[in-house]
Amino acid sequence: MEKIISVQNLRKAYKKETAVENVCFELMPGNIMGLLGTNGAGKTTTLKMITNLCSKDKGKIVIDNVSLDSNPGLALSKVGAALDTPSFYQELTARENIECFAHLYKNIPNAQVMELLEYVGLKNQAEKKVKKFSLGMKQRLALARAMLGQPKLIILDEPANGLDPQGQINLYRLICNMAKEKNTTFIVSSHQLHDMEKFCTDILILDKGKSILQGKTEDILSETTNIVDCILEETKAAENVLSQCQGISLVSQKGNQFTIRLENICFDEFIRKLVVNHLHIRYISIRKNSLQDLFLKLTEGQNHVSIN
């Protein structure tokens with residue numbers, strides 16, 4: 001299967017400040033990559049280089065086997081994008097706005113405009129002026145605009161910014177459905193780590209322009225932490241055993257619910273100690289990494305991790 005986009009050694013500097021340094025990634029059809037990081041991490045600059053809105057100092061970008069350097073027109077014809085805050089003609093309706101942008105493409109019938117509005121859930125709002133739209137509706141309209149021409153790659157910069165929780169869920173669900181049904185590849189920038197880990201197939205976290213965590217979301221989150229949650233019967237006996245158990249520390253306790261940090265002991269050995277001391281284990285689980293945990297840990301050490 002051919003890669004939809006390949007980015008190699010991307011770099012951009014403004015005077016003495018480096019905005020992006022040596023960023024690399026590849027995506028296959030139907031992948032959804034979360035481009036994550038704090039404000040100023042280099043996310044928007046990366047997306048603007050991919051969409052040719054700003055020049056790059058170094059690197060190679062290939063979109064669906066077409067080099068952005070050699071043939072930018074053909075390469076960008078395969079890309080739809082919604083960068084920054086959605087902007088439309090306020091006095092025009094949703095349908096009229098999409099039709100205006102459709103004229104920039106070749107042979108897009110008006111029927112396809114209505115199909116796009118229906119797909120993003122705006123069919124019943126097609127004749128409503130955009131100035132009356134909520135931010136969530138404008139984000140959906142921006143997605144419909146990005147879908148014009150049936151692009152293989154859609155790039156969205158902070159699409160959930162300013163949306164309420166339900167609006168975010170609806171937008172993410174729409175992106176997931178499109179990736180699955182149409183095999184469209186997405187790059188979605190955000191600083192909302194918790195939401196991204198739920199629906200992105202791939203993750204790239206930038207910090208000060210550099211990649212600090214990259215790989216398949218499933219692989220990244222499969223690694224465990226050293227935190228154990230357990231429910232132990234005989235609360236007093238459990239407290240005594242845990243207080244005398246070397247290699248652990250008690251993080252918190254609420255009744256018979258304990259949160260333990262394993263410091264110089266493995267998970268299996270910890271369970272054996274509980275069993276040997278005749279404690280009844282009602283529930284025990286070792287926590288998985290979250291993107292937020294990894295992000296905070298990596299930004300403190302400024303390390304680079306790539307998980308393939």
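- The shortest distance between side-chain heavy atoms of K182 and M147 falls below 4.5 Å.
- Checked against F295 for a side chain to side chain contact (heavy atoms under 4.5 Å, CB included), the options I203, L213, I212 give a single hit: I212.
- With sequence neighbours left out, Y119 forms a ring-ring contact (aromatic ring centres under 6.0 Å, His included) with no residue at all.
- Under the 4.5 Å side-chain heavy-atom criterion for Ile, Leu, Val, Met, Phe, Trp and Tyr, L206 and F25 are members of the same hydrophobic cluster.
- A heavy-atom distance below 4.5 Å is not found between the side chains of K12 and K58.
- The line from CG of L116 to CD of Q150 is 8.0 Å long, rounded to the nearest 0.5 Å.
- Both I154 and V113 belong to a common hydrophobic cluster when Ile, Leu, Val, Met, Phe, Trp and Tyr are linked at side-chain heavy-atom distances under 4.5 angstrom.
- When atom types are taken as modelled, the side chain of N9 and the backbone of N22 share no donor-acceptor pair closer than 3.5 angstrom.
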I155/L83 under side chain to side chain contact (heavy atoms under 4.5 Å, CB included): CA gap, chis, key distance, verdict:
CA-CA 8 Å; I155 297 173; L83 305 182; 4.0 Å; yes
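- The number of heavy-atom neighbours closer than 6.0 Å to CD of Q246, taken from other residues, nucleotides and ligands shown, is 12 or below.
- Nearest heavy-atom pair, S189 versus L47, reported as atom, atom and distance to 0.1 Å: CB-CD1, 3.8 Å.
- Contact detail for D202 and T217: the closest heavy-atom pair is N-OG1, 3.4 Å.
- In this structure, S190 contributes its side chain and Q192 its backbone to a donor-acceptor pair below 3.5 Å.
- Residue E17 qualifies as open at atom CD: its count of foreign heavy atoms under 6.0 Å is 12 or below.
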Start with the C-alpha distance between E269 and C266, add both sets of side-chain angles, then the distance that settles side chain to side chain contact (heavy atoms under 4.5 Å, CB included), and finish with yes or no.
CA-CA 5 Å; E269 180 63 23; C266 68; 3.6 Å; yes
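- Using a 4.0 Å cut-off between charged nitrogen and carboxylate oxygen, D69 and K56 count as a salt-bridge pair.
- A donor-acceptor pair shorter than 3.5 Å cannot be found between the side chains of K254 and T259.
- Here the NZ atom belonging to K273 is positioned 13.0 Å from the CG atom belonging to D268, to the nearest 0.5 angstrom.
- When all heavy atoms are compared, the tightest approach of P29 to N183 is CB-ND2, 3.4 Å.
- For K131, the side-chain contact (heavy atoms from CB on, under 4.5 Å) test picks out Q90, E91, K129, with sequence neighbours left out.
- Hydrophobic clustering, with ILVMFWY side chains joined whenever heavy atoms are under 4.5 angstrom apart, keeps L122 apart from I169.
- The shortest side-chain heavy-atom distance between D195 and Q168 falls under the 4.5 Å cut-off.
- With hydrogens and angles left out, the side-chain atoms of Q166 and N170 include a donor and acceptor closer than 3.5 Å.
- Judged by distance alone, with hydrogens and angles left aside, the side-chain atoms of Q8 form no donor-acceptor pair with the main-chain N or O of C24 at under 3.5 Å.
- In terms of heavy-atom proximity, L117 sits nearest to A126 at CD1-CB, 3.9 Å.
- Residue R261 holds its CZ atom at 4.0 Å from CD1 of I227, rounded to the nearest 0.5 Å.
- Rounding to the nearest 0.5 angstrom, the gap separating the CD atom in E181 from the CG atom in L174 is 9.0 Å.
- Taking both residues in full, the closest heavy atoms of I50 and L76 are given as O-CD2, 3.9 Å, listed atom of the first, atom of the second, then distance.
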Salt bridge (Lys or Arg N to Asp or Glu O under 4.0 Å) evaluation trace for E21 with K210
CA-CA 5 Å; E21 181 67 53; K210 296 182 179 179; over 6 Å; no
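- Although no hydrogens or angles enter the test, the distance criterion places a donor-acceptor pair under 3.5 Å between the side chain of T93 and the main chain of E96.
- Residue E234 qualifies as enclosed at atom CD: its count of foreign heavy atoms under 6.0 Å is above 12.
- Under a 4.5 Å side-chain heavy-atom criterion applied to ILVMFWY residues, the cluster that includes F270 comprises V228, L232, V241, L242, I248, L250, F258, I260, L262, I265, F267, I271, L274, V275, L279, I281, I284, I286 as well.
- Across L204 and S211, no two heavy atoms sit closer than the pair CD1-OG, 3.3 Å.
- At a threshold of 4.5 Å between non-hydrogen side-chain atoms, the residues V188 and M33 do not count as touching.
- For the residue pair Q253/E239, the side-chain donor-acceptor check at 3.5 Å is satisfied.
- No more than 12 heavy atoms of other residues, nucleotides or ligands lie within 6.0 Å of OH in Y89, so this atom counts as exposed by the packing criterion.
- You'll find the side chain of I61 stays beyond 4.5 Å of the side chain of S6, heavy atoms only.
- Connection of V23 to I32 is not established within any shared hydrophobic cluster, with ILVMFWY side chains joined at heavy-atom distances below 4.5 Å, either directly or through further cluster members.
- In the displayed structure, Q292 atom CD is contacted under 6.0 Å by at most 12 heavy atoms of other residues, nucleotides or ligands.
- In this structure, the side chain of N31 engages the main chain of M28 through a donor-acceptor pair within 3.5 Å.
- More than 12 heavy-atom neighbours from other residues, nucleotides or ligands sit within 6.0 angstrom of CD on Q257.
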Mind listing the side-chain donor-acceptor pairs of residues 133-145 below 3.5 Å, one per line with the distance, residues two or more places apart or on another chain?
from	atom 1	to	atom 2	distance (Å)
S134	OG	M137	N	3.3
Q139	NE2	P159	O	2.7
R140	NH1	V120	O	2.4
R145	NH1	S87	O	2.8

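- The aromatic rings of F199 and Y172 sit parallel to each other, their planes meeting at less than 30°, with 60° as the upper class boundary.
- The side-chain heavy atoms of N110 and E99, taken from C-beta on, include a pair separated by under 4.5 Å.
- Between atom NZ of residue K180 and atom CD1 of residue I175 there is a gap of 16.0 Å, rounded to the nearest 0.5 Å.
- Taking hydrophobic clusters as Ile, Leu, Val, Met, Phe, Trp and Tyr residues chained together by side-chain heavy-atom distances below 4.5 Å, L10 shares a cluster with I63.
- A distance-only check finds no donor-acceptor pair linking the side chain of K78 to the backbone of L153 [under 3.5 Å].
- One finds the OG1 atom of T184 at 11.5 Å from the CG atom of N177 (value rounded to the nearest 0.5 Å).
- In this structure the side chain of T185 never reaches within 4.5 angstrom of the side chain of K152, judged on heavy atoms.
- Listed by first then second residue, pairs satisfying side-chain hydrogen bond (donor to acceptor under 3.5 Å, both in side chains) with a partner in residues 40-52 read T44-D157, not counting sequence neighbours.
- Looking at L68 and V62, their side chains never come closer than 4.5 Å, going by heavy atoms from C-beta outward.
- Remark: K132 NZ is loosely packed, at most 12 non-hydrogen atoms of other residues, nucleotides or ligands lying under 6.0 Å away.
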Mind running side chain to side chain contact (heavy atoms under 4.5 Å, CB included) on K60 and V7 for me, showing each step along the way?
CA-CA 6 Å; K60 184 178 181 181; V7 174; over 6 Å; no
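- Counting only residues at least two apart or in different chains, side-chain hydrogen bond (donor to acceptor under 3.5 Å, both in side chains) contacts with residues 279-288 comprise D229-R287, E233-R282.
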